[in-house]
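One structure below.
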2 protein chains.
Amino acid sequence: MKISAQEEYGLRCLVQLADLPEGESLTLPQIAEREGISTANAGKLMWLLNRAGFVHSTRGTKGGYLLARPASEIRLSEIIRVLDDDEMAKHCDNYTGVLDSCVHKGDCGIRPVIIGLHEIVADALSNITLSHLVGSESSVDATFHKIQGIHRTLESQRA
Amino acid sequence: MKISAQEEYGLRCLVQLADLPEGESLTLPQIAEREGISTANAGKLMWLLNRAGFVHSTRGTKGGYLLARPASEIRLSEIIRVLDDDEMAKHCDNYTGVLDSCVHKGDCGIRPVIIGLHEIVADALSNITLSHLVGSESSVDATFHKIQGIHRTLESQRA
DNA sequence: GCAAAACGTTACTTTTTTGTCAAGATTGAC
DNA sequence: GTCAATCTTGACAAAAAAGTAACGTTTTGC
């Protein structure tokens with residue numbers, strides 16, 4: 001269970017934009033340099049993020065990228081879903097071995113665990129927004145654990 | 001964020017062994033057939049699982065594989081850690097772009113989220129054992145949610 | 001002993017994922 | 001209007017993951 005390169009770098013590019021003063025934008029070369037990736041690679045990532053509606057781009061001299069919505073309104077769960085190509089929906093169609101369909105098509109003891117796991121992850125990520133990620137490592141860490149704590153308490157009250 | 005083929009199929013092979021009557025074992029061709037994968041592939045997976053100490057193998061005619069420990073004592077968190085090649089420990093060494101080390105080496109707002117996410121997943125998986133996975137899909141689903149519910153309640157009480 | 005059935009190990013091939021390149025399109029400045 | 005800076009897009013190349021093949025070792029049964 002891991003984060004793909006696309007998820008990691010895509011998220012980082014968005015954080016760079018979220019960390020900008022109101023109204024400012026970044027060009028591809030600037031984003032690439034700040035994240036230590038090639039301009040070509042940054043270009044592809046930003047294309048994905050633009051297509052998904054997370055950023056707005058302007059062409060020509062003085063062009064660049066900026067967030068399409070306030071950072072506080074963009075949840076990590078949305079971002080990951082896009083960068084991950086909605087992998088979860090296809091899980092059971094992918095792992096079919098040498099056959100056309102999974103041998104556990106009818107009844108599968110693993111499926112509920114996989115689905116449940118993704119629910120837990122999506123749930124945790126839906127409570128974190130881009131604006132939560134712009135601070136220092138220690139402050140983000142504190143925020144994350146606070147959010148998780150609150151969330152779990154609400155969960156168990158509901159149950 | 002997704003499960004790799006190695007994790008998925010490796011876990012499934014273990015579930016097959018967990019579903020066996022006490023003392024019985026399965027050969028590679030049997031495991032392969034039951035999971036719809038090639039014998040060669042099953043062989044590689046079982047080699048990994050044997051090396052990690054989850055199963056015992058016996059060679060020669062009448063040989064085969066069986067669990068090294070009771071299914072109720074093997075937690076999914078251990079299994080995933082092995083099949084995933086302990087990916088988490090290397091996260092920050094992997095995503096360095098074109099550079100030798102990650103540009104966020106010093107202070108990184110994303111790291112606590114990645115680490116926290118893996119903690120949440122490992123936490124959820126540590127409460128599920130192989131024996132939980134042998135029933136029907138609906139019973140496993142019920143068990144999973146029950147375990148998660150109990151766990152979250154304890155978590156929030158502690159907090 | 002020897003052949004058949006089974007696991008063990010390493011090297012190789014294929015497929016998927018990542019990352020790069022190059023040509024095109026759009027805009028602003030002069 | 002031309003030029004330079006910038007994003008867009010599809011094709012291509014490199015790297016990683018997944019899967020296969022080949023050959024070896026061990027055990028059982030005859």
Side-chain angles (χ1 to χ4, degrees), chain A residues 1-13 17 24-33 35-52 54-66 68 83-87 90 93-99, chain B residues 1-13 17 24-33 35-66 68 83-87 90-91 93-99:
Chain A
M1 193 122 207
K2 69 192 243 203
I3 301 252
S4 71
Q6 207 167 157
E7 292 172 280
E8 169 83 19
Y9 295 125
L11 179 57
R12 286 205 217 160
C13 291
L17 294 182
E24 288 191 24
S25 65
L26 288 179
T27 68
L28 235 23
Q30 286 175 320
I31 293 173
E33 205 225 322
E35 284 306 332
I37 60 181
S38 70
T39 303
N41 199 3
K44 189 188 218 168
L45 292 168
M46 294 313 292
W47 177 71
L48 283 171
L49 294 169
N50 185 30
R51 193 180 59 164
F54 292 116
V55 301
H56 277 146
S57 69
T58 46
R59 302 220 258 199
T61 317
K62 299 285 176 187
Y65 296 92
L66 40 76
L83 294 173
D84 197 26
D85 211 7
D86 218 339
E87 199 61 46
K90 298 183 279 184
D93 291 329
N94 287 338
Y95 299 108
T96 64
V98 296
L99 278 36
Chain B
M1 192 121 207
K2 69 192 242 203
I3 301 252
S4 69
Q6 205 167 171
E7 291 171 281
E8 169 84 17
Y9 294 125
L11 180 56
R12 286 206 218 161
C13 291
L17 294 182
E24 288 190 24
S25 65
L26 287 178
T27 68
L28 277 183
Q30 287 176 319
I31 294 172
E33 205 225 320
E35 285 305 333
I37 59 181
S38 71
T39 304
N41 199 2
K44 188 188 214 168
L45 292 167
M46 294 313 292
W47 178 68
L48 283 170
L49 294 169
N50 186 30
R51 195 179 57 164
F54 290 117
V55 301
H56 276 146
S57 69
T58 46
R59 301 222 257 199
T61 318
K62 299 284 175 188
Y65 295 91
L66 40 75
L83 293 174
D84 197 26
D85 211 6
D86 217 341
E87 200 61 46
K90 299 184 278 184
H91 183 87
D93 291 329
N94 287 339
Y95 299 106
T96 64
V98 297
L99 278 37

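Here is the naming used below: chain letters follow the sequence lines, and residue numbers restart at 1 for every chain. Basis for what follows: all heavy atoms, side chains included, without hydrogens, waters or symmetry-related copies. All values derive from a computational prediction rather than experimental measurement.
- Using a 4.0 Å heavy-atom cutoff across all strands shown, B:Gly43 reaches no nucleic acid atom at all.
- The nucleotide range of DNA chain D contacted by chain A, defined by atoms under 4.0 angstrom from heavy atoms of the protein and reported 5' to 3', is D:dA4 to D:dA17.
- Distance, A:Tyr9 OH to C:dT17 P: 17 Å, rounded to whole Å.
- Distance, B:Leu26 CG to C:dA6 P: 12 Å, rounded to whole Å.
- The CG-P distance, from B:Leu48 to C:dC7, rounds to 15 Å in whole Å.
- In this structure, CG of B:Asn41 is placed 14 Å from C1' of C:dT13, rounded to the nearest angstrom.
- Residue contacts shown for A:Ala40 include a base, since a base heavy atom lies under 4.0 Å away.
- In terms of position along DNA chain D, the nucleotide closest to A:Gly63 lies nearer the 5' end than the nucleotide closest to the other residue of the pair A:Trp47 and A:Gly63.
- Map A:Gly60 and A:Ser38 each onto its nearest nucleotide of DNA chain C; the residue landing nearer the 5' end is A:Ser38.
- Using a 4.5 Å heavy-atom threshold, the side chains of A:Leu83 and A:Leu49 count as touching.
- Under the 4.5 Å side-chain criterion, counting only non-hydrogen atoms from C-beta, A:Asp85 is in contact with A:Lys90.
- Rounded to an integer number of Å, the gap from A:Leu45 CG to C:dT18 C1' is 10 Å.
- A donor-acceptor pair is defined here as one N or O able to donate and one able to accept, closer than 3.5 Å; no such pair exists between the side chain of B:Tyr65 and the backbone of B:Leu17.
- In this structure, the CZ atom of A:Arg59 is 18 Å from the C1' atom of C:dA29, given to the nearest Å.
- A:Tyr95 places a side-chain N or O within 3.5 Å of a backbone atom of B:Ile3 that can act as its donor or acceptor partner.
- Distance alone, capped at 3.5 Å, is enough to place a donor-acceptor pair between the A:Glu7 side chain and the B:Met1 backbone.
- Under a cut-off of 6.0 angstrom, the local environment of CD in A:Gln30 is crowded, with over 12 non-hydrogen atoms contributed by other residues, nucleotides or ligands.
- Inter-residue side-chain proximity for A:Cys13 and A:Met46 is flagged as met; some heavy-atom pair is nearer than 4.5 Å.
- Both A:Ser57 and B:Ala5 lie near DNA chain D, and the one whose nearest nucleotide falls closer to the 5' end is A:Ser57.
- Rounded to whole angstrom, the span from the NZ atom of A:Lys62 across to the P atom of C:dA29 amounts to 7 Å.
- Rounded to whole Å, the distance from NZ on B:Lys44 to P on C:dT9 is 14 Å.
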